[in-house]
Amino acid sequence: MDVTSILDQLNVAQQEAVTSDRRSVLVLAGAGSGKTRVLVHRIAWKIQVDSISPYAILAVTFTNKSSREMRERIDQLLGMSLRGMWVGTFHGLAHRLLKAHWREAGLRENFQILDSDDQLRLVKRLMKTLDLDEARWPPRQAQWWINNQKDEGLRAAHIQETGDLQLTTMLRIYREYEANCAQLGVIDFAELLLRALDLWRQYADILDHYQARFKHILVDEFQDTNAVQYAWLRLLAGNKCQVTAVGDDDQSIYGWRGAKVENILSYERDFEATHVIRLEQNYRSTSNILCAANAVIEKNSERLGKKLWTEAGEGEPIALYAAFNEHDEARYIADRLHQWVSEGQRRDAAAILYRSNAQSRVLEAALLQADIPYRIYGGQRFYERLEIKNALAYLRVMLNVNDDTAFERVVNIPPRGIGERTIDAIRQHARQSETSLWAASEAIVSSQSMAGRARNALASFLQLINKMSQGLESTTLIEQAETAIQQSGLIELYRREKGERGRARIENLEELVAACSNFQAEVSDEPALPQFLDQVALDAGDRQAGEDQDAVQLMTLHSAKGLEFPLVFIAGVEENLFPHKMSLDEPGRLEEERRLAYVGITRAMQKLYLTFAECRTIYGSESYNSISRFVRDIPSEVIEEVRIHNTVARPTSYAKSTMHSDTGEATGFGLGQQIRHPIYGEGVILNFEGIGPRARVHVQFEQVGIKILILASAKLTAA
DNA sequence: AAGGCAAATGTTTTT
DNA sequence: CATTTGCCTT
């Protein structure tokens, strides 16, 4: 095999990282420095040069997406499929371990994964049985607290009572929660990791087996590991295995969910003979963009230190646009995108990034109006949608009627007369006789111990499920899915739901059937359904169809990590929004916001726009924020202000000062004229702004209030 | 038990 | 502002 081809296209630092044979390697990979490439090439190097069997390699990532990408790229580089190599997410690998050693891990063979939605439902229910006031102790907070403890590796038994009421209450819930999970045979995401760690701690022989197997471990996004994941890695690595960790302390943006940047620092101490390599040459952005990124991140104190550089030229300056309000901001972005497309550029080469999802609405409206196709990332994932979760729950009950979590979800969806009181009675019966809800229901139905109407409803539900699960072994996954959505009445329920929503839900259910037909079972001689359900629990399916359409990408700064775009807009660079006001009190959280800014800036390859609004409507009321401190940290030499604006103090003075600033001559319209818009209906022209193709018109619509429209693209007609 | 209305409540997200 | 939750009525 040609060894040079592995090193050919790599720079010196990258080569060093790929070929190092020290016991442990730490690659501090700046944004756009070819981090994934180093990982992939290092694996290829291990296999081809060091003759390590793929069977002895373990590669860990955080998301399913990056794990798929890594596998693809290795296949591509080596021109063969690497059977036997373990590539997966921490959770996926933990699941695999627990499936193999379920008995030792203290689990049932068919244990189910409890996702955050079901977890919250469970916590809520437990709190009710503990008679805790939901107003005083928000269930979400309890859920969050429990997950936090687990992320730190703490079970309820490990936590000391201090007499603090908050702690005592949370502990009570935690204990109850643990007991219930055990009884239900479910484990949550954090438990997956913790349980896998405990498995190795308790069974030396099992740990020995995996230590003997894995000669090389590679970890991506190391700055995102939490305490349990770190401990798990250390244990597996033992004292023979070679470990490669790749990460960037400057891109640690998940501290709020348990990630510990400190793990990067501890690494040198805990893992033997560490070879630290910095990848600082950036292959993505212009030097102006890197200058801005470096300037922003330099203000952080807790850094390992790294400075990005590039051989690329200065490029264009970073554009800064001061908008009057969020509508103006969105309009400006749509306008720039319009120009970008008219220059023959692809829309999917452009991204609009924002701090919080709420910002996307206005942007969407502007893009819709400007006729620019867009796609929103994030938000709700496919398998998390209500209708999909319901359909999956039917499948779970069909597979195993004793799956209480799924039973609870579908017992009264669609509404069939089994209300809260009836369900309470079933729960109580189940608890007393220590059986599942299904068995309790059967007992209630046959013992006549319930009022007629409720009992009939329950009896017909049991009958329905029995019918649905009949002949399950002899049907295909697609047929099973069809059964779950048709016979359950789900399709009918959503068909009756009016408006866009119901239609979208039906479409999603059809999409689910399509997903079933595409599903490739890992173990082909075993039933597909349980495998499908497991996969779905671990991979929420990041997006829906429409992937290949040429559309502008909209997403939060968080979900942009790992991506790159020639053209990037960061919208809403304002104090209180970005940095978010929730992060202002704690210095640590502010530093994380700063890293988020760094992540955002470094997504841009050619051109970066920063926009902010002087006045923004948040939750219905107007607020005035000053420009973000992060923007002020960028040297003015690389910034170009698009418009020098007058300081606007109040909305009234803004309205007055811009009113009648233009008379709209040569537009075919006049001030005060009645007009009609294809979408917004009838309105009155209040004001004109600017001239030429970018001229805007302010219109007071009867239905939707004041809108600022681009005269050239808004198809206005005289009314 | 279910549907309708007023009141509350609003970061970031993967598994 | 818009969506979700809780209470109240049918």
Side-chain angles (χ1 to χ4, degrees), chain A residues 60-67 88-95 113-119 124 134-135 138-140 144 147 150-151 187-194 196 221 224-226 228-229 252-259 326 353-362 365 377-381 383-384 386 411-424 451 453-454 457 501 534-542 555-562 572 576-584 589 592-593 595-597 599-600 616-623 704-705:
Chain A
V60 199
T61 62
F62 271 84
T63 66
N64 290 295
K65 193 173 147 207
S66 49
S67 127
T89 63
F90 276 103
H91 292 86
L93 297 170
H95 182 250
I113 294 161
L114 193 72
D115 68 23
S116 17
D117 197 49
D118 288 332
Q119 185 183 38
K124 273 189 183 160
E134 288 202 1
R140 276 188 178 285
W144 197 74
N147 287 334
K150 290 199 180 196
D151 284 345
I187 63 177
D188 58 54
F189 290 123
E191 185 69 32
L192 225 37
L193 301 172
L194 191 49
E221 306 281 16
D224 289 339
T225 50
N226 67 26
V228 173
Q229 289 159 338
S252 161
I253 54 175
Y254 287 114
W256 51 273
R257 67 176 200 219
E326 70 271 27
L353 312 181
Y354 36 81
R355 176 67 238 263
S356 66
N357 283 310
Q359 286 170 257
S360 73
R361 284 186 167 284
V362 181
Y377 273 76
Q380 241 199 344
R381 255 152 265 279
Y383 290 114
E384 278 166 8
L386 186 74
V411 67
N412 201 32
I413 290 179
R416 47 171 74 90
I418 305 172
E420 208 45 43
R421 291 179 73 90
T422 313
I423 297 171
D424 264 337
R453 201 172 54 181
R501 195 110 129 210
D534 274 340
Q535 194 220 271
V536 155
L538 288 167
D539 183 356
D542 42 5
M555 68 190 84
T556 62
L557 287 149
H558 280 90
S559 30
K561 193 171 86 164
N576 295 320
L577 188 62
F578 188 32
H580 198 277
K581 64 167 172 292
M582 298 297 202
S583 326
L584 294 178
R589 306 193 71 189
E592 186 155 307
E593 293 282 306
R595 294 193 288 268
L596 193 56
V599 167
R616 183 180 293 273
T617 309
I618 298 174
Y619 308 139
S621 60
E622 289 177 325
S623 62
V704 292

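Here is how names work: the chains are called A, B, and so on, in the same order as the sequence lines, proteins then strands, and each is numbered from 1.
- Residue side chain A:Trp256 meets the stacking definition with respect to B:dT12: its ring centre sits within less than 5.5 angstrom of the base's six-membered ring centre, and the planes differ by less than 30 degrees.
- Between A:Glu592 and A:Arg595 a salt bridge is recorded (basic side-chain N to carboxylate O distance below 4.0 Å).
- Contacts of A:Asp534 classified as side-chain contact (heavy atoms from CB on, under 4.5 Å), with partners at least two apart in sequence or in another chain: A:His95, A:Lys99.
- Sequence order on DNA chain B of the closest nucleotides to A:Gly419 and A:Ser116 puts A:Gly419 first from the 5' end.
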Interface polar pairs with nucleotides 4-10 of chain B, N/O, under 3.5 angstrom:
none

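- A:Gln119 comes within 4.0 angstrom of no nucleic acid atom, judged by non-hydrogen atoms across all strands.
- When the side-chain hydrogen bond (donor to acceptor under 3.5 Å, both in side chains) test is applied to A:Thr89, no partner is found at least two apart in sequence or on another chain.
- Nucleotides of DNA chain B nearest to A:Leu596 and A:Ile418 differ in position, and the one nearer the 5' end is that of A:Ile418.
- Dashed line: the shortest gap from a side-chain N or O of A:Asn64 to OP1 or OP2 of B:dT15 is under 4.0 Å.
- Whole-Å rounding puts the A:Arg355 CZ to B:dT11 P distance at 10 Å.
- Checked against side-chain hydrogen bond (donor to acceptor under 3.5 Å, both in side chains), A:Ser66 has the following partners two or more places apart in sequence or in another chain: A:Thr63.
- Residue A:Asp224 contributes atom CG, which lies 12 Å from atom P of B:dT15 at whole-angstrom precision.
- With rounding to whole Å, A:Tyr254 atom OH is found 7 Å from B:dT13 atom P.
- A heavy-atom distance below 4.5 Å is found between the side chains of A:Thr225 and A:Phe90.
- Remark: A:Thr422 is in phosphate contact with B:dA1, judged by side-chain N or O atoms under 4.0 Å from OP1 or OP2.
- Glycosidic conformation of B:dT11 is syn; the angle stays within 90° of 0.
- Side-chain atoms of A:Asn576 never come within 3.5 Å of backbone atoms of A:Lys581 as a donor-acceptor pair (strictly under, hydrogens ignored).
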Output a table of nitrogen or oxygen pairs between the protein and nucleotides 3-6 of chain C separated by less than 3.5 Å.
unit_1	atom_1	unit_2	atom_2	d
C:dT3	OP1	A:Arg361	NH2	3.2

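- Comparing atom distances between the A:Glu384 side chain and each of B:dA2, B:dA1, B:dT15 picks out B:dT15 as nearest.
- Checked by atom type and distance alone, the side chain of A:Asn64 pairs as donor or acceptor with a backbone atom of A:Leu538 at under 3.5 Å.
- In this structure, A:Gln535 has no side-chain hydrogen bond (donor to acceptor under 3.5 Å, both in side chains) partners at least two apart in sequence or on a different chain.
- Not one side-chain nitrogen or oxygen of A:Asn357 sits closer than 4.0 Å to the OP1 or OP2 atom of B:dT11.
- The base of B:dT13 lies outside donor-acceptor range of the side chain of A:Thr556, with no N or O pair under 3.5 Å.
- Rounded to whole Å, the separation between the P atoms of C:dT5 and B:dT12 comes to 15 Å.
- Shown here are the side-chain contact (heavy atoms from CB on, under 4.5 Å) partners of A:Val362, two or more places apart in sequence or in another chain: A:Glu326, A:His327, A:Ala330.
- Rounding to whole angstrom units, CG of residue A:Asp115 and P of B:dT13 are separated by 17 Å.
- The side-chain contact (heavy atoms from CB on, under 4.5 Å) check on A:Thr556 picks up A:Tyr354, A:Asn357, A:His558, A:Ser559, with sequence neighbours excluded.
- A:Ser583 comes within 4.0 angstrom of a base, heavy atoms only.
- Note: NE2 (A:His558) to P (B:dT13) measures 7 Å, nearest angstrom.
- Rounded to a whole Å, the CZ atom of A:Arg589 is 14 Å from the C1' atom of B:dT13.
- Distance, A:Arg421 CZ to B:dA1 P: 7 Å, rounded to whole Å.
- Atom CG in A:Asn576 sits about 15 Å away from atom P in B:dT12, given to the nearest Å.
- Judged as a side-chain hydrogen bond (donor to acceptor under 3.5 Å, both in side chains), and not counting sequence neighbours, the contacts of A:Arg355 are A:Glu593.
- Across all strands, A:Glu593 comes closer than 4.0 Å to base atoms (heavy-atom distances).
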